[in-house]
Amino acid sequence: MVSRDSEGTHNRIFAVVRRIPRGRVLTYGDVAALAGMPEHARLVGYALHALPEHSSVPWHRVINHKGGISTGRAWPGGELVQRALLEAEGLEFDANGRTSLKRYRWAPDRDDAPGPHSG
DNA sequence: CATTTGACATCTT
DNA sequence: TAAGATGCCAAAT
């Protein structure tokens, strides 16, 4: 029973992000789709922006479609923080600061298995 | 209440 | 692959 749309919407997003396992990442569009609001990736990023620091939501596992970090001016230095957190989970970044979405993109169907040749 | 800005994605060139 | 333009909803001013 949600009287507020924003709260319900944001809540949905957080719920999806929390489902992201460790060592995996999702794009804003994917999170939005799983949250029930496809093509509305902006709302996902916006929700994460409103995410409090005491939140147990692995926001750092959400990246843009280019496989990079788009904190932008909204978070000076955030690119370094998110990248550090992802690296701590075992992810690899390209010289351009991009990851392999083909390799780290998480799917609701796939529990884990980073790759057919990764083990 | 209206205008501007914003953790993005997608199409076109 | 990279750069420019557009659409969407919500928050801030």
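In the text below, chain A, chain B and the rest are named by the order of the sequence lines, each starting its count at 1.
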State which residues pass salt bridge (charged side-chain N to carboxylate O under 4.0 Å, His left out) with [X]; sequence neighbours excluded, sorted by chain then number.
| X | value |
| --- | --- |
| Glu79(A) | none |
| Glu87(A) | Arg83(A) |
| Arg19(A) | none |

Restricting both atoms to N or O, compile the protein contacts to nucleotides 10-13 of chain B shorter than 3.5 Å, with distance only.
| residue | atom | partner | partner atom | Å |
| --- | --- | --- | --- | --- |
| dT10(B) | OP2 | His65(A) | NE2 | 3.2 |

Exercise. Kindly write out the residues that satisfy side chain to side chain contact (heavy atoms under 4.5 Å, CB included) with Val16(A), not counting sequence neighbours, or none if the list is empty.
Key: Val31(A), Leu34(A), Ala35(A)
Quiz item: Which residues pass the side chain to side chain contact (heavy atoms under 4.5 Å, CB included) test with Pro76(A), sequence neighbours left out?
Solution: none
Quiz item: Can you name the residues that form a side-chain hydrogen bond (donor to acceptor under 3.5 Å, both in side chains) with Arg105(A), not counting sequence neighbours?
Solution: Asp30(A)
Quiz item: What residues form a side-chain hydrogen bond (donor to acceptor under 3.5 Å, both in side chains) with Thr71(A), not counting sequence neighbours?
Solution: none
What is the distance, rounded to the nearest whole Å, between atom [atom1] of [X] and atom [atom2] of [N]?
| X | N | atom1 | atom2 | answer |
| --- | --- | --- | --- | --- |
| Ile13(A) | dC8(B) | CD1 | P | 13 Å |
| Tyr28(A) | dC9(C) | OH | C1' | 16 Å |
| His10(A) | dC9(C) | NE2 | P | 13 Å |
| Asn11(A) | dA10(C) | CG | P | 15 Å |
| Leu26(A) | dC8(B) | CG | P | 16 Å |
| Arg105(A) | dA9(B) | CZ | C1' | 11 Å |

Practice problem: Decide, yes or no, whether a salt bridge links Arg24(A) with Glu89(A) under the criterion of side-chain N to carboxylate O below 4.0 Å. | Solution: no
Please output the side-chain donor-acceptor pairs of residues 40-48 of chain A that fall under 3.5 Å, not counting sequence neighbours, one pair per line with the distance.
none

Quiz item: How close do Thr9(A) and Met37(A) get, heavy atom to heavy atom, and via which atoms?
Solution: CG2-CE, 3.2 Å
Quiz item: Checking all strands, does Ser70(A) fall into the base, sugar-phosphate, or nothing category for heavy-atom contacts under 4.0 angstrom?
Solution: sugar-phosphate
Quiz item: Applying ring pair (Phe, Tyr, Trp, His ring centres under 6.0 Å), which residue pairs with at least one partner in residues 59-91 of chain A are found, sequence neighbours left out?
Solution: Trp59(A)-Trp75(A)
Self-check item: Close residues, residues 30-46 of chain A, relative to DNA chain C [heavy-atom separation under 4.0 Å]
Solution: His40(A), Arg42(A), Leu43(A), Tyr46(A)
Practice problem: Can you sort out which residues in residues 77-90 of chain A have a heavy atom within less than 4.0 Å of DNA chain B? Ascending by number, please. | Solution: none
